[in-house]
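Below: one structure, written as C-alpha cells.
If you read the sequence from its start, that first residue is 1, and numbering goes on from there.
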Amino acid sequence: MEVEPTRIMIAVNESTIKGYPHPSISSRRAFVWTLQKIVRSNTSDFKLLFVHVQVPDEDGFDDMDSIYASPDDFKSMKYRERIRGLHLLEYFVNQCHQFGIACESWIKKGDPKEVICFEVKRVQPDFLVVGSRGLGPFQRVFVGTVSEFCQKHAECPVISIKRGADETPQDPVDD
C-alpha cells in the first residue's frame with residue numbers, strides 16, 4: 001500500500017528590498033527550514049505547495065514613476081505584476097526540482113492573510129508553514145502580521161518560522 005506524501009503549504013512573498021524577483025527573507029527562511037528540519041532526505045515523502053498572494057494595487061502608487069498615455073499602459077502594469085509573481089514561484093519550483101521534491105505553486109490576489117486561510121481550506125494541506133519577520137508590538141500595529149492571523153484562523157496546524165537575527169535588515173519592517 002502506497003502512502004500519500006505529506007502535503008506542506010508554504011506561503012511565499014516577494015522581498016520588499018530592492019532587487020526583485022527575490023523571495024522575502026522570511027519566505028526563503030521558511031522554505032529552507034522546511035527542507036532542513038522536515039523534508040531532510042525523505043524527498044519522496046513530501047509535496048510542497050507554494051501559494052503567493054499578490055495584493056491588488058488599488059491606487060497605482062507602486063508604479064508612480066511610470067507614464068500612462070494609453071489603455072495599453074495599464075495592461076502592461078498588470079502584466080509586470082504577474083511576471084514578478086511568476087519569477088518568485090519559479091525560484092521555489094526550481095529549488096524543489098533540484099532536490100527532487102514534488103511541488104505545485106499558484107498565485108492568488110487579495111488580502112494575504114485571508115487568501116492563505118481560504119487556500120488552506122480549499123487545498124487541505126497537512127500543515128502550513130509561514131515566515132515571520134519577528135516584529136515587535138509597536139511595528140505589528142502598523143504592519144499587521146499574516147503569520148499571527150494564520151495561526152489563529154487556518155484550518156490546519158501552522159508553523160511560523162522567524163528570520164534569524166543575522167538576516168534582519170536595518171529596518172526590521174523590510175523583508
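Transitive grouping of hydrophobic side chains (ILVMFWY, heavy atoms separated by less than 4.5 Å) keeps V93 and M9 in distinct clusters. One hydrophobic cluster, built from ILVMFWY side chains closer than 4.5 Å, cannot hold both F118 and I8; they sit in different ones.
Listed by chain and residue number, H87, N94 satisfy the side-chain contact (heavy atoms from CB on, under 4.5 Å) test with E90 (two or more places apart in sequence, or in another chain). Every residue two or more places apart in sequence or in another chain that forms a side-chain hydrogen bond (donor to acceptor under 3.5 Å, both in side chains) with D111 is listed here: K113. Residues passing the ring-ring contact (aromatic ring centres under 6.0 Å, His included) test with H153, sequence neighbours excluded: F149. Applying the side-chain hydrogen bond (donor to acceptor under 3.5 Å, both in side chains) criterion to E119, with sequence neighbours excluded, gives W106, R122. Every salt bridge (charged side-chain N to carboxylate O under 4.0 Å, His left out) that K121 has, sequence neighbours left out, goes to E155.
Taking CD1 of I10 as the start and CG of L35 as the end, the distance is 7.0 Å to the nearest 0.5 Å. Annotation: the span from K37 atom NZ to I161 atom CD1 amounts to 10.0 Å, rounded to 0.5 Å. Between the CG atom in L88 and the OG atom in S105 there is a gap of 9.0 Å [rounded to 0.5 Å]. Rounded to the nearest 0.5 Å, atoms CH2 (W33) and OG (S160) are 10.0 Å apart.
T6 and D126 share no donor-acceptor pair across their side chains, judged by distance under 3.5 Å alone.
Side-chain contact between F92 and P23: present, with at least one pair of heavy atoms (C-beta onward) separated by less than 4.5 Å. At a threshold of 4.5 Å between non-hydrogen side-chain atoms, the residues L128 and C150 count as touching. Between H97 and C103 there is a side-chain heavy-atom pair separated by less than 4.5 Å. Side-chain atoms of V120 and P125, non-hydrogen and from C-beta on, do get closer than 4.5 Å to each other.
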Residues 42-53 side chain polar contacts: donor-acceptor under 3.5 Å, at least two apart:
{"unit_1": "K47", "atom_1": "NZ", "unit_2": "E104", "atom_2": "OE2", "d": "2.6"}
{"unit_1": "H52", "atom_1": "ND1", "unit_2": "V12", "atom_2": "O", "d": "3.1"}

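In terms of heavy-atom proximity, K108 sits nearest to V115 at CB-CG1, 3.5 Å. Residues C117 and A154 approach most closely at SG-N, 3.7 Å, considering heavy atoms. Closest approach of I116 and A11 over heavy atoms only: CD1-CB, 3.5 Å.
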